[in-house]
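Working notes, beginning with the structure itself.
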Amino acid sequence: EQPEEPAEATEPEQPEEPAEATEPEEPAEPEEPAAAPAGEARVIELEADAAIRFLQDGEQIREIPVTPGETVVFRVDNTAGFAHNLYIGADEDLQVMGGTTDVGIPDWNLGVQELEWVVPEDLTDIRFACTVPGHYFTMQGDFIVSE
């Protein structure tokens, strides 16, 4: 019987050196709104509840920060079990009970609906609201421009 030949010795692989030494980045302060990466929509999750309110993270909202030109997806969960809607437009159109605009989610009774919206460069008098009769007073608010 012949002894096994020893395997060829190889040198252990060395990890590659980084191209450049970089300093760790300081965490940036969160911006309002948290802008989505270029080309991606920012999702705003809302709840339309039985107390006739729009909630975000469990708190009633009256303002939504936006950046002109950004794409926003409103993901609205109607937990009320009765009709709500979400429309974006001029205040005089939204104040009409049952009013609609070209941009919105028509009445729905339960579950999640989505609306994709590109924020216009000029937000003069553009608001959001539920226009179901009797809902406007507590379910409306302003877009706050943040650059």
Side-chain angles (χ1 to χ4, degrees), residues 7 9-147:
T10 59
E11 293 194 25
E13 289 185 29
Q14 298 293 321
E16 289 185 28
E17 296 282 326
E20 276 182 30
T22 57
E23 291 290 317
E25 290 185 27
E26 291 292 318
E29 290 293 316
E31 296 178 17
E32 277 297 324
E40 288 185 31
R42 179 169 61 104
V43 176
I44 297 175
E45 298 205 16
L46 301 176
E47 176 186 352
D49 75 355
I52 308 178
R53 303 172 301 179
F54 282 124
L55 305 176
Q56 187 173 40
D57 298 324
E59 299 290 323
Q60 185 171 6
I61 62 160
R62 295 292 189 143
E63 297 179 340
I64 296 175
V66 293
T67 303
E70 82 170 314
T71 300
V72 175
V73 173
F74 293 93
R75 186 173 295 147
V76 187
D77 187 3
N78 181 347
T79 60
F82 53 80
H84 282 305
N85 62 43
L86 172 69
Y87 284 102
I88 296 171
D91 200 42
E92 67 260 12
D93 296 330
L94 298 175
Q95 286 186 34
V96 176
M97 286 202 280
T100 63
T101 65
D102 291 338
V103 180
I105 302 171
D107 293 7
W108 85 105
N109 291 325
L110 201 58
V112 177
Q113 296 287 321
E114 289 189 355
L115 168 66
E116 184 173 294
W117 179 56
V118 176
V119 180
E121 294 299 322
D122 178 16
L123 278 175
T124 306
D125 195 39
I126 296 177
R127 307 184 79 224
F128 65 93
C130 176
T131 64
V132 169
H135 292 199
Y136 176 84
F137 183 71
T138 56
M139 294 185 81
Q140 46 82 22
D142 296 306
F143 292 108
I144 306 300
V145 176
S146 65
E147 297 294 329

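A donor-acceptor contact shorter than 3.5 Å links the side chain of Asn109 to the backbone of Ala83. In this structure, Asp142 contributes its side chain and Ile144 its backbone to no donor-acceptor pair below 3.5 Å. Within the 3.5 Å criterion, the main-chain N or O of Leu55 finds no donor-acceptor partner in the side chain of Asp49. Using a distance-only test at 3.5 Å, with no hydrogens or angles considered, no donor-acceptor pair links the side chain of Thr138 to the main chain of Arg53. A donor-acceptor contact shorter than 3.5 Å links the side chain of Asn85 to the backbone of Thr131.
Proximity of the aromatic rings of Phe143 and Trp117 is defined here by a centroid distance below 6.0 angstrom, and this criterion is met.
Under 3.5 Å, the side chains of Asp77 and Thr79 contain no donor-acceptor pair of N or O atoms.
In this structure, CG on Leu46 lies 9.5 Å from CG on Asp57, to the nearest 0.5 angstrom. Between atom CZ of residue Arg75 and atom CD of residue Glu114 there is a gap of 4.5 Å, rounded to the nearest 0.5 Å. To the nearest 0.5 Å, atoms CG (Asp107) and CG (Leu86) are separated by 11.5 Å. For the atom pair CZ of Arg62 and CE of Met139, the computed distance is 10.0 Å after rounding to the nearest 0.5 Å. Atoms CD1 and CD1, on Ile88 and Ile64 in that order, are 7.5 Å from each other to the nearest 0.5 Å.
Residues Glu63 and Phe128 approach most closely at N-CZ, 4.4 Å, considering heavy atoms. Contact between His84 and Ala48 at its shortest, heavy atoms only, is CD2-CB, 3.4 Å. Across all their heavy atoms, Ala41 and Val73 have their closest contact at CB-CG2, 3.6 Å. The two atoms that bring Ala129 and Gln140 nearest to each other are CB-CB, 3.7 Å, heavy atoms only. Taking both residues in full, the closest heavy atoms of Gln56 and Ile44 are given as NE2-CG2, 3.5 Å, listed atom of the first, atom of the second, then distance. Smallest separation of non-hydrogen atoms from Leu115 and Val103: CD2-CG1, 4.0 Å.
Only one option out of Thr124, Leu123, Asp122 pairs with Pro120 in a side-chain contact (heavy atoms from CB on, under 4.5 Å); it is Leu123.
Put simply, the side chain of Gln95 reaches to within 4.5 Å of the side chain of Tyr136, judged on heavy atoms. Inter-residue side-chain proximity for Tyr87 and Cys130 is flagged as unmet; no heavy-atom pair is nearer than 4.5 Å. For the pair Val145/Pro68, a side-chain contact is recorded, criterion being any heavy-atom separation below 4.5 Å from C-beta on. A 4.5 Å side-chain heavy-atom check between Phe137 and Ile52 finds every atom pair outside the cut-off.
Applying the 6.0 Å contact sphere to CD of Glu92 captures more than 12 heavy atoms from other residues, nucleotides or ligands.
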**OP:** Applying side-chain contact (heavy atoms from CB on, under 4.5 Å), run through Thr67 and Val119 and close with a yes or a no.
**Re:** CA-CA 7 Å; Thr67 303; Val119 180; over 6 Å; no

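Between Phe82 and His135, the ring planes are perpendicular. Angles over 60° get that label, and only those under 30° would be called parallel.
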